[in-house]
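If you're wondering where the values come from, they're calculated on a predicted model, not measured in any experiment. These values consider heavy atoms only, across backbone and side chains, with no hydrogens, waters or symmetry-generated copies.
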Amino acid sequence: KYHISKILNNNVIICINSNQEVILIGKGIGFNKKPGMVVNDNASIEKVYKLDQKQQQEYYKSLVEIADEEVLQAIIESVNYITSTTYMKDDKQLVIALTDHITFAYKRLKQNQIISNPFAMETKHLYSEAYDIATQVIQRLNEKLDVTFPDDEIGFIALHIASNKEDLPMSEISLINKMISKCVLIIENDIGHPVNPQTVQYQRFIRHIQFLILRLNKKRNNNGDYRYAVSPSDELNSCLPQARELRDDLRSPCEATQHQ
């Protein structure tokens, strides 16, 4: 049984269960409820979140309190859809991240403020499964709400999904996208024309760069400095000068993230 301590809205309530504060989510679960009442296990509970950190709990509460009810219900349905896929790992962090992102994206759209996503193409290629799921999420939001989320939002939602699945912070995933974009610009400047992002070669290239960055950061975290199975000079001296330039451009941001 869950003892209600606070009603956030008709769809989200705060309860005490076994001396621990939990968040219950379900359509209409808070309707006509009051603090002190009991919610049985067989009630219309869709999700139960035990947010371990007090800061997480308070932030989620603040988000729910400022979100319109129809927006919050659309977010809940989106999280339910995402967690129904085999792609998901842990949805506790995802529900906070998506509630935050979609709530404020909705408010910006109501004010005709559009934020472009310069790394949408990289996200689509690097996290294709997350991107496909995010596409469905945006379609559902556009059907439910009185705004139209642009395609750029698919990339943002996909990053949140991928961050949760890959167990990487959003900052690191965003950094990877920025570094890949910079590598592509270097190559385009050298060859004198844009590369076609739809080609298999492009997709293979950005995948290689992604795994290179992840390997470098992992080795950096484990050893305190870079350790290569093959020395950089042996590995790169036989390559084109552009490879050295890409290597140097990749190394600096990787090092910078360790000191942030």
Side-chain angles (χ1 to χ4, degrees), residues 1-41 43-85 87-110 115 130 133-134 137-138 140-141 144-145 147 149 153 156-174:
K1 293 182 178 181
Y2 299 92
H3 297 268
I4 300 175
S5 60
K6 187 174 184 180
I7 309 295
L8 295 183
N9 61 32
N10 285 336
N11 304 311
V12 184
I13 58 178
I14 308 298
C15 295
I16 303 297
N17 177 257
S18 300
N19 295 320
Q20 183 173 13
E21 189 174 61
V22 296
I23 296 170
L24 300 190
I25 296 176
K27 190 170 185 178
I29 197 171
F31 183 70
N32 280 340
K33 297 293 194 303
K34 295 180 180 179
M37 296 178 71
V38 174
V39 178
N40 294 319
D41 291 337
S44 56
I45 301 172
E46 296 179 19
K47 294 288 183 184
V48 179
Y49 291 107
K50 297 179 181 179
L51 302 180
D52 300 325
Q53 299 179 12
K54 189 68 175 178
Q55 185 178 4
Q56 290 180 328
Q57 296 175 8
E58 295 305 318
Y59 186 61
Y60 183 72
K61 291 178 192 177
S62 69
L63 288 172
V64 170
E65 288 172 348
I66 66 172
D68 296 338
E69 285 215 15
E70 63 271 20
V71 175
L72 188 62
Q73 182 57 34
I75 295 170
I76 292 169
E77 292 174 4
S78 297
V79 173
N80 287 343
Y81 168 71
I82 295 169
T83 55
S84 71
T85 68
Y87 189 80
M88 276 308 301
K89 181 180 179 182
D90 176 19
D91 59 354
K92 284 193 297 184
Q93 297 300 321
L94 183 67
V95 69
I96 299 175
L98 284 189
T99 302
D100 177 272
H101 180 85
I102 295 173
T103 296
F104 288 104
Y106 174 82
K107 290 182 179 296
R108 287 194 299 269
L109 289 172
K110 292 292 285 185
I115 295 181
I133 295 171
V137 169
I138 291 299
R140 290 162 182 253
L141 290 175
K144 295 281 185 180
L145 302 177
V147 298
F149 288 86
E153 281 293 331
F156 291 130
I157 299 297
L159 284 181
H160 284 294
I161 298 172
S163 173
N164 189 272
K165 171 66 175 181
E166 304 291 336
D167 199 23
L168 290 172
M170 277 289 291
S171 58
E172 187 164 340
I173 288 184
S174 297

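Between Phe149 and Tyr106 there is a side-chain heavy-atom pair separated by less than 4.5 Å. Residues Asn9 and Ile7 are not in side-chain contact: their nearest non-hydrogen atoms beyond the backbone lie 4.5 Å or more apart. Side chains of Ile29 and Asn10 form no contact here, defined as non-hydrogen atoms less than 4.5 Å apart. Using a 4.5 Å heavy-atom threshold, the side chains of Ile76 and Val12 count as touching. Looking at Ile157 and Leu141, their side chains never come closer than 4.5 Å, going by heavy atoms from C-beta outward.
The side-chain contact (heavy atoms from CB on, under 4.5 Å) search around Val48 returns Tyr2, Val22, Leu24, Ile45, not counting sequence neighbours. Residues satisfying the side-chain contact (heavy atoms from CB on, under 4.5 Å) criterion with Tyr59, sequence neighbours excluded, are Ser62, Leu63, Ile96, Asp100, Phe104. Under the salt bridge (Lys or Arg N to Asp or Glu O under 4.0 Å) criterion, Glu65 pairs with Lys6, sequence neighbours left out. With sequence neighbours excluded, the residues satisfying side-chain contact (heavy atoms from CB on, under 4.5 Å) with Ser5 are Ile14, Ile16, Glu21. Taking the ring-ring contact (aromatic ring centres under 6.0 Å, His included) definition, one finds that Phe156 meets it with His101, sequence neighbours left out.
Of the inter-residue distances, the one linking Glu153 atom CD with Leu109 atom CG reads 6.5 Å to the nearest 0.5 angstrom. For the atom pair Ile161 CD1 and Ile133 CD1, the distance stands at 5.5 Å (nearest 0.5 Å). Atoms CD1 and CD1, on Ile13 and Ile4 in that order, are 4.0 Å from each other to the nearest 0.5 Å. For the atom pair Met37 CE and Cys15 SG, the distance stands at 11.0 Å (nearest 0.5 Å).
For Glu46 against Lys27, the heavy-atom pair with the smallest separation is OE2-N, 3.2 Å. Of all non-hydrogen atoms in His160 and Leu94, the two that sit nearest each other are O-CD1, 3.9 Å. Counting all heavy atoms, side chain and backbone alike, Ala158 lies closest to Ala134 at N-CB, 3.5 Å.
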* Run the side chain to side chain contact (heavy atoms under 4.5 Å, CB included) check on Leu98 and Ile82 step by step: do they pass? -> CA-CA 11 Å; Leu98 284 189; Ile82 295 169; 3.4 Å; yes
Distance-only check: which donor-acceptor pairs under 3.5 Å involve side-chain atoms of residues 67-75, not counting sequence neighbours?
| from | atom 1 | to | atom 2 | distance (Å) |
| --- | --- | --- | --- | --- |
| Gln73 | OE1 | Asn11 | ND2 | 3.4 |
| Gln73 | NE2 | Glu77 | OE2 | 3.2 |

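By the neighbour-count criterion of 12 heavy atoms within 6.0 Å, atom OH of Tyr81 is densely surrounded, having more than that number from other residues, nucleotides or ligands.
Using modelled atom types, one finds a donor on one side chain and an acceptor on the other under 3.5 Å when comparing Lys47 with Thr83.
A donor-acceptor pair under 3.5 Å is formed between the side chain of Asn17 and the backbone N or O of Lys1.
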